[in-house]
Amino acid sequence: MFNVYHCMAYIDPGTGSMLVAILIGIIGALNYALRVALVKVKFVLSGGKQGQLSDEKIPYVIFSDNKRYWNVFEPICREFDKRGIDVVYMTASEDDPVFNSTLEHIKPKFIGSGNMAFAKLNYLNARVLLSTTPGLDVYQWKRAKDVDYYAHITHAAGEIILYRMFGIDYYDGLLLSGKFQEDNVRTLEKLRDMPAKDIHIVGIPYMDEMVARLKTAPALEEHPRTVLLAPSWGPSAIFSKFGGDIIQELLNTGYHVIVRPHPQSFDSEAEMLDKIMKQYPESDQLEWNRDVDNFDVLRRSDILISDFSGVVFDFSLVYDKPVIYADTSFDRAPYDAWWMDDELWTLETLPRIGMMLEENSIPRIKELIDECIEDPRFAAGRDQARTETWEHIGEGAVRTVDWLVAKHDELEKREECQ
């Protein structure tokens, strides 16, 4: 029942047509062939002096498919900047917060949205590319001939096998946060007879950042008990399963209610969401939240109700607060988890950090909220989950950049020896 966070918002088989994918491939191939021909001409005209096959190789590239992942990359960018290392930050969001950054060595570049961004990435020339986007070489985003190394970093705690199927198969390296994730990847590799990827456990840089912010944030003012409803999107999500009536049940508790839908809902489920928002407009008791940065709304909330959104672990492990997770009968079929026989780590962990919300228990949701907040057993469960899925707390950005720099230098030396 637990999908990886917001990964479903990425590159879906139903997103983009086969014609677009073929066209992108043709464009990339023609571009590469043209560059090779030009190099050969330069070689002849220069009297046989060896020329470069392509434009100057970019040492480090970060690709973000959406502005909401700046929180994932910002601490990594800050560490690169601290070391005086230039990074080209390619984003598919024209209003990405990176453009407001003052980091001297981070060079932001808008490369278009959707298929336009992937078309440009398909013939990129770079040494190392870091991204949190799954689906490399599966759908629109193809491996570029002139990119030496693709590294993937997760953008939430929990399973990496809850991406859409084959989401991480064609990356060269993975930056993970816990040993169980590595075990799952190795199992998939054996099942699919694929070569072993580079795997390095670095922790979770963006969660380290949240902890640092939380320690320096001013004390919260007195406020009524506050419930955050943060559903994901898709047929297994809260609104699709339970409808908007859950909002009315939350209002009946008398508590302050914040509703923060997944950003993809506003695109993929606009009609349904518009109907719910009109039925339950903002009031003194109810607010709808669309902040790009969720730090403040998580800090203000006393309990979270969600389904399979990665915010469940942000809230419980960073803010050390309880959660209620919806039983939405999640279907594993489209995801890498389908290949696994063992119980998912997430499904084992959720009962330790919170309580399940079933359809027949919605009318007594106030009772569930109060028990979750007041029962001390969930604090012990959060401690255990934190140990299992968040290694090297406070060191994520440093370990990530250490590994990327070492990989870059290794590739440089390998090329010099050829």
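Side-chain atoms are counted along with the backbone in the values below, which use heavy atoms only and exclude waters and symmetry mates.
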A.B. asks: Strictly distance-based, threshold 3.5 Å: is any side-chain N or O of D302 a donor or acceptor partner for the main-chain N or O of T226?
C.D. replies: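 A pair under 3.5 Å: yes.
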A.B. asks: Should we count CE of M116 as having more than 12 external heavy atoms under 6.0 Å?
C.D. replies: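 Counting neighbours around CE of M116, 12 or fewer heavy atoms of other residues, nucleotides or ligands fall under 6.0 Å, so no.
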A.B. asks: State the OG1-CG distance between T400 and L130, to the nearest 0.5 angstrom.
C.D. replies: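 Spacing of OG1 (T400) from CG (L130) equals 7.5 Å.
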A.B. asks: Would you indicate whether the side-chain heavy atoms of L162 and L344 approach each other to under 4.5 Å?
C.D. replies: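 Result yes, sub-4.5 Å side-chain heavy-atom pair found.
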A.B. asks: So, D81 side chain and H105 main chain: donor-acceptor pair closer than 3.5 Å or not?
C.D. replies: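 It does hold such a pair.
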A.B. asks: How are the rings of Y69 and H155 set relative to one another: parallel (under 30°), tilted (30 to 60°) or perpendicular (over 60°)?
C.D. replies: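 Answer is tilted, since the angle falls between 30° and 60°.
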A.B. asks: Kindly check if the number of other-residue, nucleotide or ligand heavy atoms within 6.0 Å of CD (E94) is above 12?
C.D. replies: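 At most 12 heavy atoms, drawn from other residues, nucleotides or ligands, come within 6.0 Å of this atom.
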A.B. asks: What verdict does the side chain to side chain contact (heavy atoms under 4.5 Å, CB included) test give for F73 and T132, after you've listed the backbone C-alpha separation in whole Å, the side-chain angles of each residue and the deciding distance to 0.1 Å?
C.D. replies: CA-CA 9 Å; F73 294 117; T132 190; 3.9 Å; yes
A.B. asks: Under 4.5 Å between any side-chain heavy atoms of R260 and N294, yes or no?
C.D. replies: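 When only atoms from C-beta onward are counted, N294 and R260 do touch, with a gap below 4.5 Å.
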A.B. asks: What are the two closest heavy atoms between P97 and W70, and how far apart are they?
C.D. replies: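 Taking every non-hydrogen atom into account, CB-CD1, 3.4 Å.
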A.B. asks: Inspect the contact between K278 and D274 and indicate whether a charged nitrogen and a carboxylate oxygen are less than 4.0 angstrom apart.
C.D. replies: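 Between K278 and D274 there is no salt bridge, as every charged N stays at least 4.0 Å from the carboxylate O atoms.
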A.B. asks: Minimum heavy-atom separation for L317 and R386, please, with both atom names.
C.D. replies: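 Heavy atoms only, the tightest pair is O-NE, 2.9 Å.
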A.B. asks: Give a yes or no answer on whether the side chain of K57 reaches the backbone of D146 with a donor-acceptor pair at less than 3.5 Å.
C.D. replies: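 Yes, because the side chain of K57 sits within donor-acceptor range (under 3.5 Å) of the backbone of D146.
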A.B. asks: For V312 versus L304, what's the shortest heavy-atom pair and its separation?
C.D. replies: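 So the two residues come closest at CA-CD2, 3.7 Å.
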A.B. asks: Does the distance from a Lys or Arg side-chain N to an Asp or Glu carboxylate O, for E271 and K275, drop under 4.0 Å?
C.D. replies: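 Salt bridge: no.
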A.B. asks: For atom CZ of R290, is the number of surrounding heavy atoms from other residues, nucleotides or ligands below 6.0 Å larger than 12?
C.D. replies: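 Not buried by this count: 12 neighbours or fewer within 6.0 Å.
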A.B. asks: State, with a plain yes or no, whether a side-chain heavy atom of V211 is found less than 4.5 Å away from one of D208.
C.D. replies: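 V211 vs D208: side chains apart.
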A.B. asks: Assign the ring pair F180 / W345 to parallel, tilted or perpendicular, where the plane angle (0 to 90°) is split at 30° and 60°.
C.D. replies: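 Parallel.
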A.B. asks: Before accepting this row, confirm whether a basic side-chain N of the pair R83/D402 lies closer than 4.0 Å to the acidic partner's carboxylate O.
C.D. replies: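 So R83 pairs with D402 through a salt bridge.
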A.B. asks: For W141 together with F63, are the ring centres under 6.0 Å from each other?
C.D. replies: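 Yes; W141 has its ring centre under 6.0 Å from that of F63.
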A.B. asks: Under 3.5 Å, side chain of E282 to main-chain N/O of W288, donor-acceptor pair present?
C.D. replies: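 Checked: pair present.
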A.B. asks: Side chain to side chain contact (heavy atoms under 4.5 Å, CB included) between I62 and I106: does it pass, once the steps are laid out?
C.D. replies: CA-CA 10 Å; I62 291 176; I106 305 305; 6.0 Å; no
A.B. asks: Between F239 and I246, does the side chain to side chain contact (heavy atoms under 4.5 Å, CB included) criterion hold? Intermediate values first, please.
C.D. replies: CA-CA 8 Å; F239 283 152; I246 188 173; 4.2 Å; yes
A.B. asks: Heavy atoms only: give me the nearest I58-M90 pair and the separation to one decimal.
C.D. replies: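 Taking every non-hydrogen atom into account, CD1-CE, 4.2 Å.
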A.B. asks: Do the side chains of R127 and D148 get close enough for a salt bridge, i.e. N-O under 4.0 angstrom?
C.D. replies: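 Here R127 pairs with D148 in a salt bridge, since their nearest N and O are under 4.0 Å apart.
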A.B. asks: Taking D172 as the fixed residue, which of K197, R143, K407 is the one that meets the salt bridge (charged side-chain N to carboxylate O under 4.0 Å, His left out) rule?
C.D. replies: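 Answer to the salt bridge (charged side-chain N to carboxylate O under 4.0 Å, His left out) test with D172 among K197, R143, K407: R143.
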A.B. asks: Kindly state whether the ring of Y60 and the ring of F80 have centres lying under 6.0 angstrom apart.
C.D. replies: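 Yes, ring centres under 6.0 Å apart.
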A.B. asks: When you compare the side chain of M210 with that of K215, does any pair of heavy atoms fall below 4.5 Å?
C.D. replies: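 A side-chain contact is absent here, since even the closest heavy-atom pair is not under 4.5 Å.
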A.B. asks: Start with the C-alpha gap between Y325 and S306, add the side-chain angles, then the distance that decides, and say whether side chain to side chain contact (heavy atoms under 4.5 Å, CB included) holds.
C.D. replies: CA-CA 5 Å; Y325 56 95; S306 190; over 6 Å; no
A.B. asks: Which word best sums up how the rings of Y171 and Y150 line up, parallel for under 30°, tilted for 30 to 60°, or perpendicular for over 60°?
C.D. replies: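 Y171 and Y150: perpendicular rings.
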A.B. asks: So, taking the atom named CD1 in I305 and the one named CD1 in I324, what distance separates them when rounded to the nearest 0.5 Å?
C.D. replies: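 Atom-to-atom, I305:CD1 and I324:CD1 are 4.5 Å apart.
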A.B. asks: Please name the pair of heavy atoms, one in A326 and one in F242, separated by the smallest distance, quoted to 0.1 Å.
C.D. replies: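 Between these two residues, the closest heavy atoms are CB-CE1, 3.9 Å.
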A.B. asks: Could you tell me the separation between the CD1 atom of I276 and the CE atom of M272, rounded to the nearest 0.5 Å?
C.D. replies: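 The CE atom of M272 is 5.0 Å from CD1 of I276, to the nearest 0.5 Å.
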A.B. asks: Is the ring centre of H152 less than 6.0 Å from the ring centre of Y170?
C.D. replies: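 So the answer is no for these two rings.
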A.B. asks: Flag the pair V128 / P59 as yes when at least one side-chain heavy-atom distance between them is below 4.5 Å, and no otherwise.
C.D. replies: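 Sidechains of P59 and V128: no contact.
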A.B. asks: Salt-bridge test for R186 and E189: reply yes if a basic N is under 4.0 Å from a carboxylate O, no otherwise.
C.D. replies: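 Salt bridge flag = yes for E189 with R186.
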A.B. asks: Salt bridge or not for R78 and E209, using N-O below 4.0 Å?
C.D. replies: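 Salt bridge between R78 and E209, a charged N being under 4.0 Å from a carboxylate O: yes.
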A.B. asks: Do NZ/NE/NH1/NH2 and the carboxylate oxygens of D296 and R300 come within less than 4.0 Å?
C.D. replies: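 Yes, charged N to carboxylate O under 4.0 Å.
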A.B. asks: Under 3.5 Å, side chain of E391 to main-chain N/O of K179, donor-acceptor pair present?
C.D. replies: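 Yes: the side chain of E391 pairs with the backbone of K179.
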A.B. asks: Out of curiosity, L357 CG to I362 CD1, how far, rounded to the nearest 0.5 Å?
C.D. replies: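 CD1 of I362 is found 5.0 Å from CG of L357.
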A.B. asks: Counting heavy atoms not belonging to D342, are there more than 12 under 6.0 Å from its CG?
C.D. replies: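 Atom CG in D342 is not packed in, count stays at 12 or less.
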A.B. asks: Would you say R399's side chain and H200's backbone share a donor-acceptor pair under 3.5 angstrom?
C.D. replies: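 No; zero donor-acceptor contacts below 3.5 Å.
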A.B. asks: Closer than 3.5 angstrom, by distance alone: can the side chain of Q181 be matched with the main-chain N or O of G178 as a donor-acceptor pair?
C.D. replies: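 Yes, because the side chain of Q181 sits within donor-acceptor range (under 3.5 Å) of the backbone of G178.
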A.B. asks: Look up atom OH in Y89 and atom CD in E74, then write down how far apart they are to the nearest 0.5 Å.
C.D. replies: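 Y89 OH to E74 CD: 9.0 Å, rounded to 0.5 Å.
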A.B. asks: Hey, is the main chain of E221 close enough, under 3.5 Å, to the side chain of H223 for a donor-acceptor pair?
C.D. replies: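 Answer holds: yes.
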A.B. asks: Kindly indicate whether a cation-pi arrangement holds for R192 with W339, taking the cut-offs as under 6.0 Å to the six-membered ring centre and within 45° of the axis.
C.D. replies: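 The answer is yes; both the distance and angle limits are met.
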A.B. asks: Can you find a heavy atom in the side chain of W233 that is under 4.5 Å from one in the side chain of I238?
C.D. replies: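 A side-chain contact is absent here, since even the closest heavy-atom pair is not under 4.5 Å.
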A.B. asks: For a salt bridge (charged side-chain N to carboxylate O under 4.0 Å, His left out) check, start with the C-alpha distance between E388 and R352, then their side-chain angles and the critical distance, and finish with the verdict.
C.D. replies: CA-CA 13 Å; E388 294 170 351; R352 302 200 302 255; 3.0 Å; yes
A.B. asks: Within the distance-only criterion (no hydrogens, no angle test), does the side chain of N122 pair as donor or acceptor with the backbone N or O of F118 below 3.5 angstrom?
C.D. replies: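 Such a contact is found between N122 side chain and F118 backbone.
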A.B. asks: Is there a side-chain contact between M355 and L350 (heavy atoms, below 4.5 Å)?
C.D. replies: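 No; the side chains remain at least 4.5 Å from each other.
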A.B. asks: Minimum heavy-atom separation for H256 to L286, with atom names?
C.D. replies: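 The answer is CE1-N, 4.4 Å.
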A.B. asks: Please report the interatomic distance OG(S232) to NE2(H262), rounded to the nearest 0.5 Å.
C.D. replies: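 Going from the OG atom of S232 to the NE2 atom of H262 covers 4.5 Å.
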A.B. asks: Is there a side-chain contact between T91 and D65, using heavy atoms and a 4.5 Å cut-off?
C.D. replies: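 A side-chain contact is absent here, since even the closest heavy-atom pair is not under 4.5 Å.
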A.B. asks: Can you tell me if K142 uses its side chain to pair, donor with acceptor, with the backbone of Y139 under 3.5 Å?
C.D. replies: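 Checking the backbone N and O of Y139 against the side chain of K142, a donor-acceptor pair under 3.5 Å is found.
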A.B. asks: Counting only heavy atoms not in E104, do more than 12 fall under 6.0 Å of its CD?
C.D. replies: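 Result for CD/E104: open.
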A.B. asks: Take R213 and D293, measure what salt bridge (charged side-chain N to carboxylate O under 4.0 Å, His left out) needs, and give me the verdict at the end.
C.D. replies: CA-CA 12 Å; R213 291 177 68 183; D293 183 358; 2.9 Å; yes
